[in-house]
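See structure below.
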Amino acid sequence: MQQYILAFDQGTTSSRSIVFDHHGKIVGQSQQEFRQILPTPGHVEHDPEDIWRTQIETAKAAIAAAQIGIEQIIAIGVTNQRETTLLWDRATGKPVANAIVWQSRISTPICHQLSHDGHGALIREKSGLVVDPYFSGTKIRYLLDSDPALRRRAEAGELCFGTVDSFLLWRLTGGRLHVTDVTNASRTMLMNIHTLEWDPELLEILDVPAAILPEIRSCSEVYGMTDVSILGRRIPIAGIAGDQQAATFGQTCFDVGSAKNTYGTGAFMLMNVGHQPVASENNLLTTVGWKVGNQTTYCLEGSVFVAGAVVQWLRDGLGVIETSSDIEPLAHSVPDNGGVYFVPAFVGLGAPYWDPRARGTILGLTRGTTAGHIARAAVESMAFQTRDLVEAMQRDAGVKLAQLQVDGGAAVNDELMQFQADLLGTKVRRPQVFETTALGAAYLAGLAVGYWDDFDSLKRNWQLDREFDASADEGQIEKMYGQWLRAVGRSRDWAQEE
Ligand SMILES: Nc1ncnc2c1ncn2[C@@H]1O[C@H](COP(=O)(O)OP(=O)(O)O)[C@@H](O)[C@H]1O
Ligand SMILES: O=P(O)(O)OC[C@H](O)CO
């Protein structure tokens, strides 16, 4: 009987499930978009029941698409949008609020207070993160501060906090497991990245009761079995990682200095820095890459909040395109950006600027500007933001990046990939399977149950789809990058606090 691994990839805009074979090839998959709840500008929520329903429906559909029996799935790996914060009732498993999504700026005032009180340096040293509403800690604090009854219940141990992985594991095991993994925990601002444990001092600064926290585990071990009611059979859940770490693992960035960039809703570049945390001097994050067995690998990360989401905005907000892929002919309808620069700081700017008050800005409009120029500027913004990250990462690492491995929904766009190579002066390499997030979760689960033996066998699965080489005029490219930096300057410090 052929055996397979099932990966759950619970992303920001959609839930996916993918069945992988031993070569890391996709044999069945399913995806469902779900509702984005936007109560006020800069605030983004998800209904946890939407997350759960779409994940389970896609799991069943992926198994059906693979035309296999459930008994052929030997393990499940889970990967997820990170930082998104859920609170649920320990007795009933019912969420007590909507999930606060990583993009939400709702806890900006709490962050200002933390910085004002001088906690920034300690938070950076212990958690590897900068003070920004992006991370879970201030989102939990926001929820508990907004309702005294919730805080009382949290302190009494009646509530569970979790990132999406914890919530899925809780539900998958019928409420028997309250766990997370080191990568997701490293994005909460509550875990000490040196000890890999919840840090009492960080909990105190953020006023988060320890009673709500899950147990922190490695990324590759059998955590427990799915309840038989979920998929009709008990299946070991054997891998967990936040989606960007999972993609780094799926890209087999196992060597120090290797890096990947994922172009999804946001863009996230991670570089393997080895088995000790490296502090960034250029406004990047230090994060846990993965822990397999007793060995922990760390990464430097640059997080961009809006990448592919700028295309979604052109589709759903402006209505100038019907489907995401329509951006390609529209951007191609003009020979260049016509002097238009688009900084998609819809929810502020992440790395390396960390400016929650920045807002989306389109500059350089003239009477000759067309929708094509704006579309082109939108596509280019993904590459410019990535260059900002690469500049910071190269300064931190002290070496030029040899190549960049890419993946994520927007990496299908060949013109974007070519422009990226031109802008970096570095080879951009796209693998055949660029569902690397799900693949990474499958690898972590498969390693735990002996489906794959070691990292080398995973490396052999990586196959090139296409390589993009820099070919544009360097002087022209540098001029454009200079304009981009000026445009970023104009977008900053715009939003006024309510
Ligand atoms: N041809 C394309 N060119 C540019 N962006 C695209 C294209 N097709 C899809 N996208 C963008 O890719 C993103 C989806 O990527 P995906 O990796 O599925 O995201 P996530 O996991 O964050 O939900 C969307 O934001 C979409 O707008
Ligand atoms: O859902 P994605 O792929 O946009 O990833 C979201 C990140 O994990 C946020 O940190």
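Each ligand, and each atom within it, is numbered from 1 in the order the structure gives. One-based numbering along the sequence shown.
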Would you say Thr286's side chain and Leu300's backbone share a donor-acceptor pair under 3.5 angstrom? no
Can you find an N/O atom of Gly409 closer than 3.5 Å to an N/O atom of ligand 1? yes
Is the shortest distance from a heavy atom of Gly264 to ligand 2 less than 4.0 Å? no
Would you say Trp102 has any N or O atom under 3.5 Å from an N or O of ligand 2, going by distance alone? no
Check salt bridge (Lys or Arg N to Asp or Glu O under 4.0 Å) between Asp243 and all other residues, then give those that pass, not counting sequence neighbours. Arg82
Look at ligand 1 and say whether Arg16 reaches it with a heavy atom at a distance under 4.0 Å. yes
Taking only heavy atoms of Thr265 into account, list the atoms of ligand 1 that are under 4.0 Å away from them. 19 (O), 20 (P), 22 (O), 23 (O)
Can a donor-acceptor pair be found between the side chains of Ser115 and His112 at a distance below 3.5 Å? no
Going by the order shown, which atoms of ligand 2 are within less than 4.0 Å of some heavy atom of Thr12? 1 (O), 2 (P), 4 (O), 5 (O), 6 (C)
Can you tell me which portion of Ile327 lies within the under-4.0 Å heavy-atom range of ligand 1? Options are side chain, backbone, both, or neither. side chain
With no hydrogens and no angle check, just 3.5 Å: does a side-chain donor-acceptor pair link Gln55 and Ser17? yes
If we check side chain to side chain contact (heavy atoms under 4.5 Å, CB included) with Val428, which of these qualifies: Gln418, Gln403, Arg466, Met417? Met417
How does Thr262 reach ligand 1, by side chain, by backbone, by both or by neither, if only non-hydrogen atoms under 4.0 Å count? neither
Does the side chain of Tyr353 pick up a donor-acceptor pair with the side chain of Asp388 at under 3.5 Å? yes
Any atoms of ligand 2 less than 4.0 Å from a non-hydrogen atom of Gly11? List them with their elements. 1 (O)
Is there a polar contact between ligand 2 and Asn80, counting only N or O atoms under 3.5 Å apart? no
At under 4.0 Å between heavy atoms, is it the side chain or the backbone of Ala309 that contacts ligand 1, or both, or neither? backbone
From the options Leu439, Asp407, Asn261, select the one residue that forms a side chain to side chain contact (heavy atoms under 4.5 Å, CB included) with Gln251. Asp407
Shortest protein contact, atom 5 (O) of ligand 2 (heavy atom only): Asp243 OD2, 2.7 Å
What atoms of ligand 2 come closer than 4.0 angstrom to any heavy atom of Tyr134? 9 (C), 10 (O)
Which residue holds the protein heavy atom closest to atom 9 (C) of ligand 2, what is that atom called, and what is the gap in Å? Glu83 OE1, 3.3 Å
